[in-house]
Amino acid sequence: MAQNLQGKVALVTGASRGIGRATALALASEGAAVMVNYASSSSAAAEVVAEIEANGGRAIAFKANVANSDEVDKLIAATMEKFGRIDVLVNNAGITRDTLLLRMKLEDWQAVIDLNLTGVFLCTRAVSKIMLKQKSGRIINITSVAGQMGNAGQSNYSASKAGVIGFTKTVARELAPRAITVNAVAPGFIATDMTDGLKADAILQMIPLARYGQPEEVAGMIQFLASSPAAAYITGQVFNVDGGMVMA
Ligand code: NAP
């Protein structure tokens with residue numbers, strides 16, 4: 001397989017589990033050195049690093065809450081100190097705090113916006129300074145079908161993910177003159193801890209391909225956008241990996 005990220009560095013937020021974990025492994029398979037960010041699962045993050053190293057790659061794990069500006073600065077500083085550059089940023093870390101609008105507490109609203117939207121802003125702002133100097137870079141933001149079509153019980157999450165789409169398009173325009181691409185990937189229902197425990201029957205009826213996606217299927221799209229020479233002319237777009245749920 002071509003190793004398009006040989007000598008390059010990728011930072012993946014929320015890479016200890018689920019889609020982020022699969023993405024870290026996929027980018028490492030392209031030759032990238034990977035910064036594996038996590039919030040609390042230190043042993044899971046260490047396992048991702050160990051798996052990358054066992055395959056001959058380079059990675060380190062770093063604990064940082066990416067909703068916190070100071071912790072983001074430390075994450076970026078640690079990445080630069082260890083690897084010296086950042087070529088790929090995958091803004092993947094995300095949470096849900098689901099409940100219907102009338103029952104939603106301000107804390108539930110704020111926690112989701114703070115991580116899913118403000119966290120994307122903080123990481124992108126910090127990394128874009130480095131990419132602007134390098135005059136290259138690829139940024140991939142993980143949004144959701146919920147940000148495109150809405151989902152009852154997820155007003156906070158849908159708003160955060162719709163915000164990520166607007167942010168992606170604007171930043172894509174701002175960074176395009178320096179050959180930095182910015183795209184979003186919109187998963188549907190993917191089998192991770194986030195969707196564990198959801199009622200499967202009702203969900204499967206909404207999915208034309210009639211199954212949950214696997215984290216590796218989302219990571220495949222991220223890998224293409226992050227590493228393929230063929231993706232150099234793609235920016236400001238949203239790519240659905242959702243079994244056909246959203247057909248624009
Ligand atoms: P997941 O399995 O719940 O994993 C979430 C990851 O985010 C973990 O690595 C977690 O770290 C990390 N994280 C949580 N809070 C963080 C914080 N404050 N700072 C840094 N990292 C933090 O989630 P997933 O299903 O893989 O989802 C990944 C992304 O895809 C999210 O943005 C999600 O909204 C989006 N998405 C998922 C689906 C789906 O069906 N699963 C669908 C559409 C979109 P710890 O392990 O340390 O807690």
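Model, not experiment: these values are computed from the prediction. Note that ligands are numbered from 1 as they come in the structure, with each ligand's atoms numbered from 1 the same way.
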task: Please go through Met247's hydrophobic cluster and name the other residues, only I, L, V, M, F, W, Y counting, with side-chain heavy atoms under 4.5 Å joining them.
output: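 Members other than Met247 - counting any ILVMFWY side chain reachable under 4.5 Å - there are none.
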message: Clusters formed by hydrophobic residues whose side-chain heavy atoms approach within less than 4.5 Å: which one holds Val48, and what are its other members?
response: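 Besides Val48, the cluster holds Leu5, Val12, Ile19, Leu25, Leu27, Val34, Val36, Val49, Ile52, Val88, Val90, Ile140, Ile142, Val185, Ile190, Val218, Met221, Ile222, Phe224, Leu225, Ile234, Phe239, Val241.
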query: So, for Ser128 and Leu175, which heavy atoms are closest and what is the spacing to 0.1 Å?
result: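 Heavy-atom minimum between the residues: CB-CD1, 3.9 Å.
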Asn4 to Ser228 - nearest heavy-atom pair and separation: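 Nearest heavy atoms, Asn4 then Ser228: ND2-CA, 4.0 Å.
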For ligand 1, which atoms, with element, lie under 4.0 Å from some heavy atom of [X]?
X	value
Ile19	26 (O), 30 (O), 37 (C)
Thr195	39 (C), 40 (O), 41 (N)
Ser144	43 (C), 44 (C)
Ala93	7 (O), 20 (C), 21 (N), 22 (C), 32 (O)
Ser40	45 (P), 47 (O), 48 (O)
Ala15	9 (O)
Ala64	19 (N), 20 (C)
Tyr157	33 (C), 34 (O), 35 (C), 36 (N), 43 (C), 44 (C)

Quick one: does [X] get an N or O within less than 3.5 Å of an N or O on ligand 1?
X	result
Ile95	no
Asn116	no
Pro187	no
Gly14	yes
Ile190	yes

query: Which protein non-hydrogen atom lies closest to atom 15 (N) of ligand 1, naming both residue and atom, and how far is it?
result: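 Checked against all protein heavy atoms, atom 15 (N) of ligand 1 sits closest to Leu115 CD2, 3.4 Å.
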- request: To the nearest 0.5 angstrom, please state how far the CD1 atom of Ile86 sits from the CE atom of Met131.
  value: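 The CD1 atom of Ile86 sits 7.0 Å away from the CE atom of Met131.
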- request: Begin from the C-alpha positions of Ser29 and Asn55 and carry the test side chain to side chain donor-acceptor pair (under 3.5 Å) through to its verdict.
  value: CA-CA 8 Å; Ser29 79; Asn55 292 330; over 6 Å; no
message: Taking 4.0 Å as the limit for heavy-atom contacts, which would you say applies to Val145 with ligand 1: side chain only, backbone only, both, or neither?
response: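 Neither; no heavy atom under 4.0 Å.
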task: Mind running side-chain contact (heavy atoms from CB on, under 4.5 Å) on Leu11 and Leu75 for me, showing each step along the way?
output: CA-CA 9 Å; Leu11 164 56; Leu75 170 65; 4.0 Å; yes
